[in-house]
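Just so it is clear: chains get the letters A, B, ... in the order the sequence lines come, proteins before strands, and each one is counted from 1. Keep in mind that this is a model prediction, so the values were computed, not measured.
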Protein chains: 2
Amino acid sequence: MKHLVRTSKNLGHAIRQARKAKNLTQKELASMSGVWQETISKIENGSGGTKLETVFDLIAALDLEITVTERSKGAPDGLEDIF
Amino acid sequence: MKHLVRTSKNLGHAIRQARKAKNLTQKELASMSGVWQETISKIENGSGGTKLETVFDLIAALDLEITVTERSKGAPDGLEDIF
DNA sequence: TTCGTATATGGTGCTTAGATCATATTATCA
DNA sequence: TGATAATATGATCTAAGCACCATATACGAA
(Lines give C-alpha, C1' and ligand atoms only; values in the text may rest on other atoms or scores of the structure.)
Protein backbone atom coordinates (compact mmCIF):
# COMPACT_ATOMS: atom_id res chain seq x y z
CA MET A 1 0.00 0.00 0.00
CA LYS A 2 1.08 3.48 -0.82
CA HIS A 3 0.09 6.41 1.31
CA LEU A 4 0.12 9.94 0.06
CA VAL A 5 0.93 12.07 3.09
CA ARG A 6 0.04 15.72 3.16
CA THR A 7 -1.13 16.11 6.72
CA SER A 8 -0.51 14.70 10.15
CA LYS A 9 -3.76 12.81 9.85
CA ASN A 10 -2.55 11.11 6.70
CA LEU A 11 0.60 10.12 8.48
CA GLY A 12 -1.33 8.80 11.44
CA HIS A 13 -3.39 6.60 9.17
CA ALA A 14 -0.34 5.24 7.44
CA ILE A 15 1.37 4.45 10.71
CA ARG A 16 -1.67 2.82 12.24
CA GLN A 17 -2.37 0.72 9.18
CA ALA A 18 1.19 -0.47 8.96
CA ARG A 19 1.24 -1.30 12.65
CA LYS A 20 -2.00 -3.24 12.44
CA ALA A 21 -0.81 -5.01 9.33
CA LYS A 22 2.10 -6.28 11.35
CA ASN A 23 -0.13 -7.15 14.30
CA LEU A 24 1.71 -4.96 16.69
CA THR A 25 0.30 -3.12 19.66
CA GLN A 26 1.27 0.46 20.32
CA LYS A 27 3.26 -0.74 23.26
CA GLU A 28 5.18 -3.22 21.16
CA LEU A 29 5.88 -0.61 18.54
CA ALA A 30 6.93 1.68 21.34
CA SER A 31 9.59 -0.68 22.59
CA MET A 32 10.75 -1.39 19.05
CA SER A 33 11.02 2.23 18.05
CA GLY A 34 11.90 4.00 21.25
CA VAL A 35 8.85 6.20 20.93
CA TRP A 36 6.43 6.20 23.86
CA GLN A 37 3.08 4.47 23.51
CA GLU A 38 1.30 7.67 24.49
CA THR A 39 3.12 9.53 21.76
CA ILE A 40 2.28 6.87 19.20
CA SER A 41 -1.35 7.17 20.15
CA LYS A 42 -1.31 10.89 19.55
CA ILE A 43 0.50 10.57 16.24
CA GLU A 44 -1.84 7.86 14.98
CA ASN A 45 -4.73 10.13 15.79
CA GLY A 46 -3.22 12.88 13.76
CA SER A 47 -2.42 15.34 16.47
CA GLY A 48 0.01 17.51 14.59
CA GLY A 49 3.28 19.03 15.60
CA THR A 50 5.18 15.79 15.62
CA LYS A 51 8.90 15.93 15.18
CA LEU A 52 10.46 14.48 12.07
CA GLU A 53 12.89 12.33 14.01
CA THR A 54 10.04 10.67 15.83
CA VAL A 55 8.40 9.86 12.53
CA PHE A 56 11.63 8.42 11.19
CA ASP A 57 11.90 6.18 14.22
CA LEU A 58 8.41 4.81 13.69
CA ILE A 59 8.81 4.46 9.94
CA ALA A 60 12.01 2.49 10.40
CA ALA A 61 10.54 0.23 13.06
CA LEU A 62 7.59 -0.52 10.81
CA ASP A 63 9.77 -1.23 7.80
CA LEU A 64 8.29 1.61 5.88
CA GLU A 65 9.98 4.20 3.79
CA ILE A 66 9.35 7.81 2.95
CA THR A 67 9.88 9.19 -0.50
CA VAL A 68 9.68 12.74 -1.75
CA THR A 69 8.82 13.28 -5.38
CA GLU A 70 7.42 15.94 -7.61
CA ARG A 71 3.69 16.16 -7.31
CA SER A 72 2.21 13.66 -9.68
CA LYS A 73 0.00 15.43 -12.13
CA GLY A 74 -0.11 12.35 -14.26
CA ALA A 75 -2.80 9.72 -14.31
CA PRO A 76 -3.64 8.21 -10.95
CA ASP A 77 -2.63 4.61 -10.74
CA GLY A 78 -5.05 3.57 -8.07
CA LEU A 79 -2.32 2.53 -5.70
CA GLU A 80 -2.64 5.54 -3.52
CA ASP A 81 -4.42 5.77 -0.28
CA ILE A 82 -5.30 9.27 0.69
CA PHE A 83 -7.33 10.24 3.73
CA MET B 1 13.49 12.81 -9.23
CA LYS B 2 12.63 10.56 -6.36
CA HIS B 3 14.21 11.02 -2.97
CA LEU B 4 14.33 8.29 -0.42
CA VAL B 5 14.17 10.06 2.92
CA ARG B 6 15.39 8.37 6.04
CA THR B 7 17.11 11.22 7.80
CA SER B 8 16.88 14.95 8.17
CA LYS B 9 19.86 15.27 5.88
CA ASN B 10 18.03 13.37 3.16
CA LEU B 11 15.12 15.69 3.56
CA GLY B 12 17.34 18.73 3.42
CA HIS B 13 18.82 17.55 0.16
CA ALA B 14 15.43 16.93 -1.36
CA ILE B 15 14.17 20.34 -0.35
CA ARG B 16 17.24 22.16 -1.58
CA GLN B 17 17.28 20.35 -4.89
CA ALA B 18 13.64 21.04 -5.51
CA ARG B 19 14.07 24.67 -4.60
CA LYS B 20 17.05 25.07 -6.89
CA ALA B 21 15.24 23.26 -9.67
CA LYS B 22 12.57 25.91 -9.43
CA ASN B 23 15.14 28.68 -9.24
CA LEU B 24 13.90 29.98 -5.96
CA THR B 25 15.91 31.64 -3.24
CA GLN B 26 15.37 30.67 0.37
CA LYS B 27 13.75 34.01 0.92
CA GLU B 28 11.30 33.46 -1.91
CA LEU B 29 10.46 30.01 -0.66
CA ALA B 30 10.06 31.53 2.76
CA SER B 31 7.42 33.96 1.64
CA MET B 32 5.68 31.27 -0.40
CA SER B 33 5.60 28.75 2.40
CA GLY B 34 5.35 30.85 5.51
CA VAL B 35 8.52 29.25 6.86
CA TRP B 36 11.32 31.64 7.77
CA GLN B 37 14.42 31.81 5.61
CA GLU B 38 16.60 31.05 8.61
CA THR B 39 14.58 27.94 9.31
CA ILE B 40 14.77 26.82 5.70
CA SER B 41 18.52 27.19 5.83
CA LYS B 42 18.73 24.94 8.85
CA ILE B 43 16.43 22.35 7.37
CA GLU B 44 18.29 22.24 4.07
CA ASN B 45 21.46 21.64 6.00
CA GLY B 46 19.91 18.71 7.76
CA SER B 47 19.73 20.07 11.25
CA GLY B 48 17.29 17.59 12.70
CA GLY B 49 14.34 18.04 14.96
CA THR B 50 12.20 19.81 12.43
CA LYS B 51 8.48 19.70 12.92
CA LEU B 52 6.35 17.78 10.48
CA GLU B 53 4.07 20.73 9.80
CA THR B 54 7.00 22.83 8.73
CA VAL B 55 8.02 20.14 6.30
CA PHE B 56 4.51 19.90 4.92
CA ASP B 57 4.51 23.64 4.31
CA LEU B 58 7.73 23.47 2.34
CA ILE B 59 6.73 20.37 0.43
CA ALA B 60 3.48 21.97 -0.62
CA ALA B 61 5.13 25.22 -1.67
CA LEU B 62 7.62 23.28 -3.77
CA ASP B 63 4.96 21.15 -5.40
CA LEU B 64 6.39 18.02 -3.96
CA GLU B 65 4.64 15.14 -2.33
CA ILE B 66 5.47 12.70 0.39
CA THR B 67 4.55 9.06 0.16
CA VAL B 68 4.90 6.30 2.69
CA THR B 69 5.23 2.76 1.44
CA GLU B 70 6.52 -0.57 2.58
CA ARG B 71 10.26 -0.76 2.33
CA SER B 72 11.08 -1.84 -1.15
CA LYS B 73 13.06 -5.04 -1.02
CA GLY B 74 12.54 -5.51 -4.71
CA ALA B 75 14.91 -4.58 -7.47
CA PRO B 76 16.15 -1.02 -7.39
CA ASP B 77 14.85 0.96 -10.30
CA GLY B 78 17.58 3.54 -10.41
CA LEU B 79 15.20 6.38 -9.89
CA GLU B 80 16.10 6.92 -6.30
CA ASP B 81 18.37 9.50 -4.92
CA ILE B 82 19.69 8.65 -1.51
CA PHE B 83 22.22 10.68 0.43
C1' DT C 1 38.33 43.90 -5.28
C1' DT C 2 33.85 45.79 -4.54
C1' DC C 3 28.90 45.77 -4.67
C1' DG C 4 24.76 43.25 -4.12
C1' DT C 5 22.59 39.15 -3.06
C1' DA C 6 22.09 34.62 -0.91
C1' DT C 7 22.86 31.86 2.91
C1' DA C 8 24.36 30.92 7.49
C1' DT C 9 24.78 32.02 12.34
C1' DG C 10 23.42 33.64 16.73
C1' DG C 11 20.38 35.45 20.38
C1' DT C 12 15.63 36.10 22.61
C1' DG C 13 11.17 34.60 23.92
C1' DC C 14 7.01 32.03 23.32
C1' DT C 15 5.13 27.65 22.53
C1' DT C 16 5.05 22.89 22.44
C1' DA C 17 6.76 17.92 21.71
C1' DG C 18 7.84 14.11 24.09
C1' DA C 19 9.62 11.45 28.23
C1' DT C 20 7.53 9.81 32.22
C1' DC C 21 4.01 8.36 35.47
C1' DA C 22 -0.86 7.77 36.61
C1' DT C 23 -5.25 6.84 35.24
C1' DA C 24 -9.37 6.75 32.41
C1' DT C 25 -11.63 4.70 28.59
C1' DT C 26 -12.34 1.37 25.35
C1' DA C 27 -11.96 -3.04 23.16
C1' DT C 28 -11.65 -8.08 23.56
C1' DC C 29 -12.58 -12.55 24.97
C1' DA C 30 -13.13 -16.57 28.00
C1' DT D 1 -20.23 -9.84 32.51
C1' DG D 2 -16.02 -9.44 34.54
C1' DA D 3 -11.11 -9.60 33.91
C1' DT D 4 -7.44 -8.33 30.95
C1' DA D 5 -5.29 -5.98 27.41
C1' DA D 6 -5.11 -1.85 24.42
C1' DT D 7 -5.60 2.84 23.69
C1' DA D 8 -6.45 7.46 25.07
C1' DT D 9 -6.15 11.33 28.22
C1' DG D 10 -3.93 14.31 31.46
C1' DA D 11 -0.28 16.54 34.28
C1' DT D 12 4.57 17.86 35.01
C1' DC D 13 9.01 19.11 33.38
C1' DT D 14 12.82 19.62 30.31
C1' DA D 15 14.59 20.26 25.78
C1' DA D 16 13.99 22.35 21.56
C1' DG D 17 11.56 24.38 17.33
C1' DC D 18 10.55 28.43 15.20
C1' DA D 19 9.18 33.31 14.70
C1' DC D 20 11.75 37.24 14.72
C1' DC D 21 15.62 40.62 14.51
C1' DA D 22 20.51 41.51 13.63
C1' DT D 23 24.55 40.33 11.52
C1' DA D 24 28.23 37.57 9.59
C1' DT D 25 29.83 35.13 5.76
C1' DA D 26 29.82 33.19 1.22
C1' DC D 27 28.97 33.87 -3.49
C1' DG D 28 28.47 36.08 -8.28
C1' DA D 29 28.86 39.42 -11.38
C1' DA D 30 31.07 43.62 -13.20
Chemist: For nucleotides 26-30 of chain D, list the nitrogen or oxygen atoms of the protein found under 3.5 Å from its nitrogen or oxygen atoms, one pair per line.
Modeler:
none

Chemist: Rounded to the Å, how far apart are Arg16(A) CZ and dT7(D) C1'?
Modeler: 8 Å

Chemist: Sub-3.5 Å donor-acceptor pair from the side chain of Glu65(A) to the main-chain atoms of Leu4(B), do we have one?
Modeler: no

Chemist: For residues 25-34 of chain B, dump all side-chain donor-acceptor pairs below 3.5 Å to protein atoms at least two apart in sequence or in another chain.
Modeler:
unit_1   : atom_1 : unit_2   : atom_2 : d
Thr25(B) : OG1    : Lys27(B) : N      : 3.4
Thr25(B) : OG1    : Glu28(B) : N      : 3.0
Thr25(B) : OG1    : Glu28(B) : OE1    : 3.4
Gln26(B) : OE1    : Gln37(B) : NE2    : 2.9
Gln26(B) : NE2    : Glu44(B) : OE1    : 3.1
Glu28(B) : OE1    : Thr25(B) : N      : 2.8
Ser31(B) : OG     : Glu28(B) : O      : 3.0
Ser33(B) : OG     : Leu29(B) : O      : 2.7
Ser33(B) : OG     : Val35(B) : N      : 3.2

Chemist: Provide a list of protein-nucleic acid N or O atom pairs under 3.5 angstrom, restricted to nucleotides 14-20 of chain D.
Modeler:
unit_1  : atom_1 : unit_2   : atom_2 : d
dG17(D) : OP1    : Gly48(B) : O      : 3.2
dC18(D) : OP1    : Lys51(B) : N      : 2.9
dC18(D) : OP1    : Thr54(B) : OG1    : 2.7
dA19(D) : OP2    : Trp36(B) : N      : 3.3
dA19(D) : OP2    : Thr39(B) : OG1    : 3.2

Chemist: Which residues pass the side-chain contact (heavy atoms from CB on, under 4.5 Å) test with Lys20(B), not counting sequence neighbours?
Modeler: Arg16(B)

Chemist: Would you mind reading off the bend of the helix from dT1(C)-dA30(D) to dA30(C)-dT1(D) from its two end axes, five pairs each, to 10 degrees?
Modeler: 60°

Chemist: What is the distance from CG of Asn23(A) to P of dA6(D), rounded to the nearest Å?
Modeler: 11 Å

Chemist: Establish, with yes or no, whether the OP1 or OP2 oxygen of dT7(D) is under 4.0 angstrom from a side-chain nitrogen or oxygen of Asn45(A).
Modeler: no

Chemist: Check every nucleotide of DNA chain C for an atom under 4.0 Å from a heavy-atom of chain B, then give the first and the last such nucleotide from 5' to 3'.
Modeler: dA6(C) to dG10(C)

Chemist: Please table the atom pairs, donor to acceptor, closer than 3.5 Å between any side-chain atom in residues 48-59 of chain A and protein atoms at least two apart or in another chain.
Modeler:
unit_1   : atom_1 : unit_2   : atom_2 : d
Glu53(A) : OE2    : Ser8(B)  : OG     : 2.4
Glu53(A) : OE2    : Gly49(B) : N      : 3.1

Chemist: Examine the base of dA6(D) for any acceptor or donor lying under 3.5 Å from a partner atom in the side chain of Gln37(A), and report the outcome as yes or no.
Modeler: no

